[in-house]
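Here is the naming used below: chain letters follow the sequence lines, and residue numbers restart at 1 for every chain.
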Amino acid sequence: MEKKISLPLTYDKVKQLKIGDSVLITGVIYTARDAAHKRLVELLDEGKSMPIDVKDSIIYYVGPAPAKPGQPIGSAGPTTSYRMDPYTPRLLNSGLRGMIGKGLRSKEVIESMKKNGAVYFAAIGGAAALMSKSIKKAEIVAYEDLGSEAIRRLEVVDLPVIVVIDSEGNNLYEISQN
Amino acid sequence: MREINVFEITKAVRNLCINSNYYLSQDVKDRIKEAFNNESSSMAKDILEKILKNIDIAKNEDMPACQDTGMACVFVEIGQDIHIVGGDLEDAINEGVRQGYIEGYLRKSVVKDPLNRVNTKDNTPGVIYYDMVSGNKLNITVAPKGFGSENMSQIKMLKPADGIEGVKEFIIEVVRDAGPNPCPPIVVGVGIGGTFDKAANMAKRALIRPLSEKNNNKFYRDLEDEILEEINKLGIGPQGFGGKTTALAVNIETYPTHIAGLPVAVNINCHVTRHAHIEL
Ligand code: SF4
C-alpha cells in the first residue's frame, strides 16, 4: 500500500497525499537543520537568493553521521522538527513543497502549509542506518563550515516516510492518539 | 597497589563509544520484539519492524544505529585500591571519546560553549562522572545520549505532601508533553529523592540499567510496572502514530532526601538506548 512519488513535488502531487500514507520518495532533495535554516532566512531578509532552489522541493531535517570510505553517507535519520518552526513559513512562501522530520509542528507552520499547499512527512526517528540505504548520493552544496549541519543535496531512491500533516492541515499525530 | 595506565583507559573508552553506537544491547532488542508481538495496529507493527531491521543493519554493517550519536556520558567507577598512572585521567577519557568519534565515523554533535555555539569537531568533552568504590577494579560505562529525547526531560521539586500520586502524575505528564518528539518507544529514567542535582543524576543512571532488570525494592518495582502500564495507555505509540507501546521500560532510582523535599527528575531516552561497559 506504499505510494511512490518523485521529485519535483508539484502542487498536484501534494494534493494526492493524505495523512497516514506510507510514501517512498525518489529524486533530489536537500538537507537542512536549525543553523542552515537561520542562514537561509537571513538571506531572504536581505533580499538575496538562497544557495538552493526550494521550489517544489523537499527539505529533510537531518544531520547525518559521516560517511565511511566507499559509502555515500553515514546513518541519516530525522531530527526533531519543531526547532525549524520559526523559519519554515518563510521557506514555504518561497515555494518549498515538502519537509521530512519527526514530531510536532507549530500552528503557524500548519497554517502556512495549508496556504501554500505543502506536506509534512515523518521518517522513523532512530532508524537511521535503514534510511541511509535509500540515499544513493550526497554532496555538500552550502555552508560546509556547519559540518554535519551543512546543506547537502541528496539523491534518494524509495526513501520511506509517512504523511503526518497533509496540505489540508489534517494531522496524524492528533488523530491517531484520540 | 594495582596500576592501570591511562593508555588502557583511552583505548577502552574509544571502543565503548563505537560499540555502544553500532551494537544495541540484547535487552533493548528483546523489549522491542516483545512490543512488536504485542501491537495490533499495522502502522505500529510496521514501525517496530523497521526499527528492528535498523538494529540489524547497524550491527551487520558496523554503522551507528542513529545518526545522533549523542553526547558521550561516561560513568567511571574507580576502585580505591587502584593507582592510575601515565597521565591525567580526564584527559585520557576525552582522548578516548575523540578517537572513538573520529575513527568510528560517529557524528560530532558537541559545541564548545552553550551560547557561542562552535562545534568542537571531535565530540569532546564527554560528560564524565566518577565514583570511588571499594576494590581494585576500574569500571567504565559509556552511554551516548541523543538530544531529541534529552530535550524532553524535566525535573520538578515536588512537595512531600504530593506523595506517590504527585510523582506518578509528574512522570506521566512529562511523557505526554514529549509526545512524538523523543522517538518513541522511549525508555523513562526516573530519579526520586536526594537533592536537585542528585535526582537528575539518578534519572540518567537509571537509563543505563538493562531493561530486563527491575528495581530491587519491591515497592519501587511495582511502581515501575504501574507507571509503565499507565504510560502505555496514553496511546502515543511508536513514533507517535498510536499504539500500545509508548515506553519500553520505566527505571526508577531513589535516594534519601530532606524532610522538606521530594525532588523528581525524569530523563527520557529513545528506543536507541545505548550503553556499553567494560571492567579493567
Ligand atoms: S532521540 Fe534517539 S532515536 Fe531519536 S534522533 Fe535522537 S538519538 Fe536518534
Side-chain angles (χ1 to χ4, degrees), chain A residues 1-2 19-22 31 33-35 38 61-71 73-83 101-105 122-133 135 145-150 160-164 171-178, chain B residues 21-22 41-44 46-48 50-69 101-102 104-109 117-119 121 146-149 151-152 176 178-185 234-243 246 270-272:
Chain A
M1 273 205 338
E2 279 160 334
I19 55 166
D21 288 349
S22 287
T31 72
R33 293 172 43 112
D34 340 15
K38 184 160 180 269
Y61 305 145
V62 56
K68 284 189 171 175
Q71 282 183 336
I73 200 164
S75 295
T79 194
T80 317
S81 306
Y82 71 84
R83 297 194 317 271
K102 65 174 170 93
L104 307 168
R105 306 306 305 259
I124 299 178
L130 177 106
M131 300 282 294
S132 76
K133 296 287 140 198
I135 302 171
D145 61 299
L146 293 178
S148 154
E149 298 200 53
V161 296
I162 297 159
V163 178
V164 202
N171 189 336
L172 183 62
Y173 289 130
E174 281 170 11
I175 288 175
S176 55
Q177 282 159 43
N178 289 336
Chain B
N21 271 298
Y22 288 3
S41 98
S42 60
M43 172 83 88
D46 182 54
I47 289 168
L48 293 173
K50 287 205 172 91
I51 287 175
L52 286 166
K53 203 168 151 199
N54 183 65
I55 296 175
D56 286 341
I57 294 175
K59 176 169 158 250
N60 295 335
E61 305 202 12
D62 294 330
M63 60 195 294
C66 188
Q67 82 289 338
D68 183 356
T69 49
Y101 275 74
I102 290 174
Y105 296 90
L106 305 178
R107 200 180 79 183
K108 288 69 174 178
S109 314
R117 309 182 65 86
V118 179
N119 198 299
K121 297 209 158 72
F147 261 55
S149 49
N151 282 340
M152 296 296 119
R176 196 190 292 119
N181 292 342
C183 298
L234 291 174
I236 294 169
Q239 300 295 304
F241 301 133
T246 299
C270 46
H271 60 88
V272 186

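You'll find the side chain of K68(A) reaches within 4.5 Å of the side chain of D62(B), heavy atoms only. Put simply, the side chain of V164(A) reaches to within 4.5 Å of the side chain of F241(B), judged on heavy atoms.
Between chain A and the options I51(B), I55(B), L106(B), the largest number of non-hydrogen pairs under 4.5 Å is found for L106(B). Contact count versus chain B (heavy atoms, under 4.5 Å) is highest, among G103(A), P66(A), A65(A), for P66(A). Interface summary for chain A: among A58(B), G148(B), P64(B), the most heavy-atom pairs under 4.5 angstrom belong to P64(B). No other option in I47(B), V272(B), N151(B), T69(B) has as many heavy-atom pairs under 4.5 Å with chain A as I47(B). The candidate with the highest count of non-hydrogen atom pairs below 4.5 Å against chain B, out of D145(A), V62(A), L130(A), is L130(A). The choice from P182(B), C66(B), G243(B) that makes the most heavy-atom pairs within less than 4.5 Å of chain A is C66(B). Looking only at heavy-atom pairs under 4.5 Å with chain A, the residue among V118(B), D56(B), N54(B) that has the most is N54(B).
Residue N21(B) holds its CG atom at 9.0 Å from OG of S75(A), rounded to the nearest 0.5 Å. Here the CG-OG1 distance, from N181(B) to T80(A), works out to 5.5 Å after rounding to the nearest 0.5 Å.
G125(A) and C183(B) make their closest contact through CA-SG, 3.5 Å (heavy atoms, listed as atom of the first residue, atom of the second, distance). Taking every heavy atom of both residues into account, A123(A) and Q239(B) meet most closely at O-OE1, 3.9 Å.
With a 4.5 angstrom heavy-atom cutoff, E149(A) does not touch chain B via any of its atoms. Contacts of Y101(B) with chain A are absent, with no heavy-atom separation under 4.5 Å from either backbone or side chain. For A127(A), the parts sitting under 4.5 Å from any heavy atom of chain B are the backbone and the side chain alike. In this structure, no portion of A35(A) lies under 4.5 Å from any heavy atom of chain B. For S132(A), the part lying under 4.5 angstrom from a heavy atom of chain B is the side chain only.
Proximity of a side-chain donor or acceptor of Q67(B) to a complementary backbone N or O of G74(A) within less than 3.5 Å is not detected. Panel note: side chain R107(B), backbone G63(A); a donor-acceptor pair is recorded below 3.5 Å. Proximity of a side-chain donor or acceptor of N119(B) to a complementary backbone N or O of L146(A) within less than 3.5 Å is not detected.
Atom NZ of K53(B) sits in a sparse spot, with 12 or fewer heavy atoms from other residues, nucleotides or ligands closer than 6.0 Å.
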